[in-house]
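To start, the structure itself, in C-alpha cells.
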Number of protein chains: 2
Amino acid sequence: MRIGQLARSVGVDTQTIRFYEREGLLPPPERQDNGYRIYTERHVERLAFIRRCRILELSLAEIHELQRYQGAPHQPCRAINTLLDDHIAQVRSQITDLQVLEKQLVSLRASCNDDRDIGACRVLEGLSEESMQQ
Amino acid sequence: MRIGQLARSVGVDTQTIRFYEREGLLPPPERQDNGYRIYTERHVERLAFIRRCRILELSLAEIHELQRYQGAPHQPCRAINTLLDDHIAQVRSQITDLQVLEKQLVSLRASCNDDRDIGACRVLEGLSEESMQQ
DNA sequence: TTAAAACTATATAGCCACTATAAGGTCAAT
DNA sequence: ATTGACCTTATAGTGGCTATATAGTTTTAA
C-alpha cells in the first residue's frame, strides 16, 4: 500500500509517517519506480504500535527503547516495566503539579468578581504582589 | 541596574530577559554608551509580574493580553476574569486527561511482573494489541 | 484526450518558551 | 598586561509534529 492508505488505516498524517521514518522509528519501506513508498502489513503494525505508545504519551525516545527490546525477546522484561514505572511516576508528578496550580488559580480567581474596574481588579493585583510564592 | 542584576533579583536567566524584550513583553530599556541595558525598579516589577504569570502557566500571549488590560485601568475587569476562567478550565482538562492516562498506564503495568522474557512480556503485548482504545 | 483532482516526493519553516553555543566587546582588579 | 566577570548579537536546538512551497505522478471525469 502507499503512504496515504497507511496513513488512513492508522489515523495519522502522511507527514507524520515520513517524520517517523526520518527519526528511525519506522523502517524505510521499498520504493516504486516513481519513488513512491510501498508499505506492508508489518508497517501497519509497527506504526500502530508507535501510535498506541504516543497515546500513552511515551516519548519517541522511549518508543525507540521499547523497539530495541522487541528485537531482543529473550532478555528479561524488567527494563520494560521500569520504563513504564518511570513514566507513570512522571505522569503522577505532572498531575500533582497541575493540582497545585489549579488551587492557586482558583484562589486568585475567587478574589475578584466581574464588576470592578481593571484598576481595582484583585486578580491583577494578586499577580502584581510579591506575596505570591513560587 | 544592568541585566545581570535584574536577572538575579527576579531569578531568571539574562537570555530570558532579552527574549521577553524581543517578544514585546518587557519594554526596551535605556542603554549605556557601551550598549549595556540599564533597568529601573519598574522593569523589576514588570519582569516579576511576567514570572508570576508564568508560574501559573499563563502563556506569553495571555500575559500580553493582561498587560494590555493594565494599560486601560478604567475598563471593567470581566475580560481578565474570563481569561483566568478559561485558563482554569484548561488546567482542569489537562488534569482529567492525565488521570485517564495514568489509569491506562497502571493497568498496562499491572499486566506484567518483572520476571518474564521480553517475548512474553504482557506490557509489550498490550501495546501491540489492537484492543487498546484511543 | 485532455484537464482537473488527488496523490506522491523533497525541503524548509513554524509552533512554544526558552536554553545553549559561538564569537566578540567592555570593565575592574590584580 | 592579563585574567575574569560581565555585556553584546546572532544562530541553532529542544519535541513532536504541522504547515507551506515546489514539483512530479497517477487517477478520474468531461
Side-chain angles (χ1 to χ4, degrees), chain A residues 1-26 28-39 43 46-67 86-87 90-91 94 97-98 101 134, chain B residues 1-26 28-39 43 46-67 86-87 90-91 94 97-98 101 134:
Chain A
M1 78 189 69
R2 296 193 312 201
I3 198 167
Q5 199 187 331
L6 175 60
R8 273 188 302 280
S9 81
V10 178
V12 302
D13 195 290
T14 55
Q15 303 256 57
T16 304
I17 295 174
R18 293 190 197 99
F19 168 74
Y20 287 156
E21 184 182 330
R22 273 200 306 284
E23 297 293 302
L25 284 168
L26 210 51
E30 301 289 311
R31 300 282 187 134
Q32 283 178 344
D33 291 347
N34 56 16
Y36 287 15
R37 291 170 176 80
I38 305 297
Y39 293 98
H43 286 97
R46 189 92 176 242
L47 181 56
F49 178 84
I50 295 170
R51 284 276 92 188
R52 281 179 215 115
C53 291
R54 288 296 301 134
I55 286 164
L56 298 176
E57 306 241 311
L58 295 171
S59 70
L60 299 193
E62 286 169 327
I63 297 171
H64 223 104
E65 205 179 328
L66 286 177
Q67 290 184 341
D86 289 352
H87 189 62
Q90 212 180 289
V91 169
Q94 272 185 66
D97 291 352
L98 284 170
L101 184 58
Q134 41 129 0
Chain B
M1 79 188 69
R2 297 192 311 204
I3 199 168
Q5 199 187 332
L6 175 60
R8 273 187 303 279
S9 82
V10 178
V12 302
D13 196 290
T14 55
Q15 303 257 56
T16 304
I17 294 173
R18 294 191 197 100
F19 169 73
Y20 288 156
E21 183 182 329
R22 274 201 305 284
E23 297 293 303
L25 284 168
L26 210 51
E30 300 289 312
R31 300 282 187 133
Q32 282 179 345
D33 291 347
N34 57 16
Y36 288 15
R37 291 170 176 81
I38 305 295
Y39 293 98
H43 285 98
R46 188 93 175 243
L47 180 56
F49 178 84
I50 296 171
R51 285 276 92 188
R52 280 178 216 115
C53 291
R54 288 296 301 135
I55 286 163
L56 298 176
E57 305 242 311
L58 295 171
S59 69
L60 299 193
E62 286 169 326
I63 297 170
H64 223 104
E65 206 178 326
L66 286 178
Q67 290 184 342
D86 290 351
H87 189 62
Q90 212 179 289
V91 169
Q94 273 185 66
D97 290 353
L98 284 171
L101 184 58
Q134 39 134 355

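Order of the sequence lines sets the chain letters (A, B, ...), proteins ahead of strands, with each chain counted from 1. Basis for what follows: all heavy atoms, side chains included, without hydrogens, waters or symmetry-related copies. Quick caveat: nothing in here was measured; it's all calculated off a predicted structure.
Residue B:Q5 contributes atom CD, which lies 16 Å from atom C1' of C:dC27 at whole-angstrom precision. One atom, CD1 of B:I38, and another, P of C:dC27, lie 11 Å apart when rounded to the nearest Å. The interatomic distance linking B:R31 (CZ) with D:dT8 (P) rounds to 6 Å, in whole Å. Residue A:L6 contributes atom CG, which lies 16 Å from atom C1' of C:dA9 at whole-angstrom precision. B:L25 has its CG atom 12 Å from the C1' atom of C:dC18, to the nearest Å. Look at CD1 on A:I63: it is 8 Å from P on D:dG16, rounded to the nearest Å. Remark: P of D:dG16 and CD of A:E23 are 9 Å apart, rounded to the nearest angstrom. Look at CD on B:E21: it is 16 Å from C1' on C:dC18, rounded to the nearest Å.
Minimum heavy-atom separation, B:G4 to B:T14: CA-CG2, 4.0 Å. Across all non-hydrogen atoms, the minimal contact from B:L98 to A:V91 is O-CG1, 3.7 Å. The minimum heavy-atom distance linking A:L58 with A:I63 is given by the pair O-CD1, 4.0 Å. In terms of heavy-atom proximity, B:H87 sits nearest to B:E57 at CE1-O, 3.0 Å. Residues B:R37 and B:R18 come closest through the heavy atom pair NH1-NE, 3.5 Å. Residue B:R2 comes nearest to B:Y39 through the heavy atom pair C-CD1, 4.1 Å, listed as atom of the first residue, atom of the second, then distance.
For A:L60, counting side-chain heavy atoms from C-beta on, the closest listed nucleotide (D:dT9, D:dC17, D:dT25) is D:dC17. For B:F19, the listed nucleotide lying nearest its side chain is C:dC18; candidates were D:dT8, C:dC18, D:dG16. Residue B:T16 places its side chain closer to C:dT19 than to any other of C:dG25, C:dT19, C:dT10. Closest to the side chain of A:N34, from the set C:dC27, D:dT26, D:dT9, is D:dT26. You'll find that the side chain of A:I3 is closest to C:dT8, out of C:dT8, D:dT25, D:dA10. Here the side chain of B:R51 is nearest to one of C:dC18, C:dT26, C:dA9, namely C:dC18. Of the candidate nucleotides D:dG16, C:dC18, D:dT18, C:dC18 has the atom lying nearest to any side-chain atom of B:R54.
Nearest-nucleotide positions on DNA chain C place A:R2 closer to the 5' end than the other of B:S59 and A:R2. Nearer the 5' end of DNA chain D, as judged by each residue's closest nucleotide, is the contact made by B:T14, out of A:A61 and B:T14.
Looking at B:Q15, its side chain comes within 3.5 Å of the base of C:dA20 through a donor and an acceptor atom.
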side-chain contact (heavy atoms from CB on, under 4.5 Å) evaluation trace for A:Q67 with A:R46:
CA-CA 9 Å; A:Q67 290 184 341; A:R46 189 92 176 242; 3.3 Å; yes
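Not one side-chain nitrogen or oxygen of A:Y20 sits closer than 4.0 Å to the OP1 or OP2 atom of D:dG16. For A:R37 and C:dA9, the shortest distance from a side-chain N or O to OP1 or OP2 is below 4.0 Å.
B:Y20 and B:R51 share a side-chain donor-acceptor pair at under 3.5 Å.
Over its full length, the helix from C:dT1-D:dA30 to C:dT30-D:dA1 turns its helical axis through 30°, comparing axes from the five pairs at each end and rounding to 10°.
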